[in-house]
Amino acid sequence: MPLVHFFETSFGRITSRRILLVTAHCGGVDGWGECVADEGPFYSSEWSETAWATIRKYLAPAVIGWELKSAGACGGLISRVRGHRMAKAAVENALWDAEAKQQQQPLWRLLGGTRQEIACGVSIGIQDSVEQLLAKIETEVAAGYQRIKVKVKPGWDLSVLERIRARWPDVTLSCDANSAYTLADVDHLREFDQFNLLMIEQPLWNDDIYFHARLQRQLKTSLCLDESIHHARHAEAAIETGACKIVNVKVGRVGGFTEAKKVHDVCAKRSVPVWCGGMLESGIGRAHNIALSTLENFRLPGDVSASKRYWKEDIIDPEVEVTSQGTIRISNEPGTGYRIREDLIEKMTTRKEIIRGNSS
Ligand code: OSB
Ligand code: MG
């Protein structure tokens with residue numbers, strides 16, 4: 001799916017996304033899941049081809065044919081597989097989607113959500129010029145988004161934040177470094193404190209918790225971890241060591257809704273707010289992010305924004321729309337409340353595989 005506008009982070013620029021979807025055929029109901037792995041192993045070691053191979057060879061065969069009490073029971077069937085959380089999430093979330101449809105319940109309720117409207121922010125990539133970035137921020141502020149997050153990296157940080165703050169002194173602003181700095185940059189990162197940021201997301205190594213704690217002690221600004229948090233135990237360790245004061249929950253990164261709920265719960269117990277991260281999802285993953293964001297401790301605006309910011313045409317109907325207050329209203333219909341446009345998906349499909357159990 002071609003992106004409406006390129007998206008650039010400290011690890012590279014993309015102009016389109018190749019999206020892996022999973023359909024689970026469950027007793028007459030189809031559940032859909034989206035694998036958020038990218039086309040290359042840059043945000044995480046997982047990428048589309050590892051997810052494809054892992055699903056077809058290990059995950060799908062492990063779950064096909066079982067009668068489960070709930071989608072949450074999926075984890076037990078696939079726990080023998082280490083890692084591959086994005087692949088696992090695509091399968092597990094398809095089952096949650098199916099369960100919600102079977103029970104004729106909104107997915108957000110099945111997940112334990114409590115709110116009917118969620119707060120939205122935007123994530124804006126690195127641009128060709130600061131002027132181009134300011135123009136983008138202008139558009140999003142005017143649209144009503146409640147928080148602006150910009151991507152930063154060495155050479156695209158202090159001077160950029162300075163220009164943003166000069167123009168919007170009070171806008172809720174954060175930045176995301178996607179691991180572009182090291183501890184040698186502590187003095188430089190301390191300069192970020194002058195911009196009254198809501199948080200700095202993942203400044204250091206993608207697999208680190210300990211050194212973020214060391215950094216957090218030297219900064220006023222709250223750190224938020226994204227890449228480093230793979231499961232609830234990581235979140236607990238990060239909070240206990242003081243590595244962050246906020247946690248970004250991405251359902252794909254942590255392996256599915258069951259673990260995402262656990263991350264949410266350990267953070268809630270320790271009064272650490274969470275927010276829902278995004279991976280430039282199509283409408284299917286986007287609808288799942290919306291459902292997850294209704295849980296109580298999603299207290300900060302997420303990277304969950306309108307379909308039209310990414311796609312000319314999304315694969316769900318209606319598309320995700322954001323109110324002029326920067327919120328998304330939650331549907332009470334069974335499932336996600338968004339219909340899957342299977343005809344359109346079929347047209348864009350380049351590869352498809354049907355995996356059957358022995359008995360069917
Ligand atoms: O670090 O949050 C991130 C997109 C791809 C990979 C990593 C990240 C992102 C985003 C975009 O920030 C969030 C979105 O708008 O979907
Ligand atoms: Mg991030």
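Order of listing sets the numbers, starting from 1, for every ligand and every atom in it. Because the structure is a prediction, the values reported are computed rather than measured. Counting from 1, the numbers follow the sequence of the chain as shown.
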Find, among atoms of Glu201 that are N, O or S, the one nearest to the Mg ion (ligand 2), and state its name.
-> OE2
Give the atom name of whichever N/O/S atom in Asp226 sits closest to the Mg ion (ligand 2).
->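 Per the distance ranking, Asp226 contributes OD2 as its closest N/O/S atom to the Mg ion (ligand 2).
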Geometry only, no angles: is [X] polar-contacting ligand 1 at N/O separations under 3.5 Å?
X	value
Tyr310	yes
Asp38	no
Lys149	yes
Phe11	no

Heavy-atom contacts with Tyr43 under 4.0 Å: which atoms of ligand 1 show up? List them by number with element.
-> 6 (C), 7 (C)
Enumerate the atoms of ligand 1 whose separation from the nearest heavy atom of Glu201 is less than 4.0 angstrom.
->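 This gives 2 (O) as the contact atoms.
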Does Asp176 bring an N, O or S atom to within less than 2.8 Å of the Mg ion (ligand 2)?
-> yes
Counting backbone and side-chain atoms alike, does Glu227 have an N/O/S atom under 2.8 Å from the Mg ion (ligand 2)?
-> no
Could you tell me whether [X] approaches ligand 1 through its side chain, its backbone, both or neither, with non-hydrogen atoms closer than 4.0 Å?
X	result
Asp226	side chain
Asp176	side chain
Asn178	side chain
Lys151	side chain

Does [X] come within less than 4.0 Å of [Y], counting only side-chain N to carboxylate O?
X	Y	answer
Glu236	Arg270	yes
Arg339	Asp317	yes
Arg13	Asp128	yes

Within 45° of the axis and under 6.0 Å from the centre of the six-membered ring of Trp275, does NZ or CZ of Arg147 qualify?
-> yes
Nearest 0.5 Å, what's the CD1-CD distance between Ile118 and Gln146?
-> 10.0 Å
Out of curiosity, His212 NE2 to Gln202 CD, how far, rounded to the nearest 0.5 Å?
->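 The distance works out to 4.5 Å.
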In the protein, which heavy atom is nearest to [atom], and how far is it?
atom	result
atom 6 (C) of ligand 1	Met279 SD, 3.6 Å
atom 13 (C) of ligand 1	Gly278 O, 3.3 Å
atom 16 (O) of ligand 1	Leu280 N, 2.8 Å
atom 4 (C) of ligand 1	Phe7 CE2, 3.7 Å

Side-chain (Ser179) to main-chain (Leu204) donor-acceptor, under 3.5 angstrom | yes
Using a distance-only test with no angle check, is there a side-chain donor-acceptor pair under 3.5 angstrom linking Thr221 and Asp193?
->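 Yes, because at least one side-chain N or O of Thr221 sits under 3.5 Å from a partner of the opposite role on Asp193.
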Does any non-hydrogen side-chain atom of Leu21 lie less than 4.5 Å from one of Thr349?
-> no
Please state whether the rings of Trp96 and Phe257 are parallel, tilted or perpendicular, taking 30° and 60° as the class boundaries.
-> perpendicular
Geometric class of the His234/His230 ring pair [parallel <30°, tilted 30-60°, perpendicular >60°] | perpendicular
Evaluate the criterion side chain to side chain donor-acceptor pair (under 3.5 Å) for residue pair Glu227 and Ser44; output intermediate values, then yes/no.
-> CA-CA 8 Å; Glu227 282 90 327; Ser44 78; over 6 Å; no
For Lys250, is the nearest heavy atom under 4.0 Å from an atom of ligand 1?
-> yes
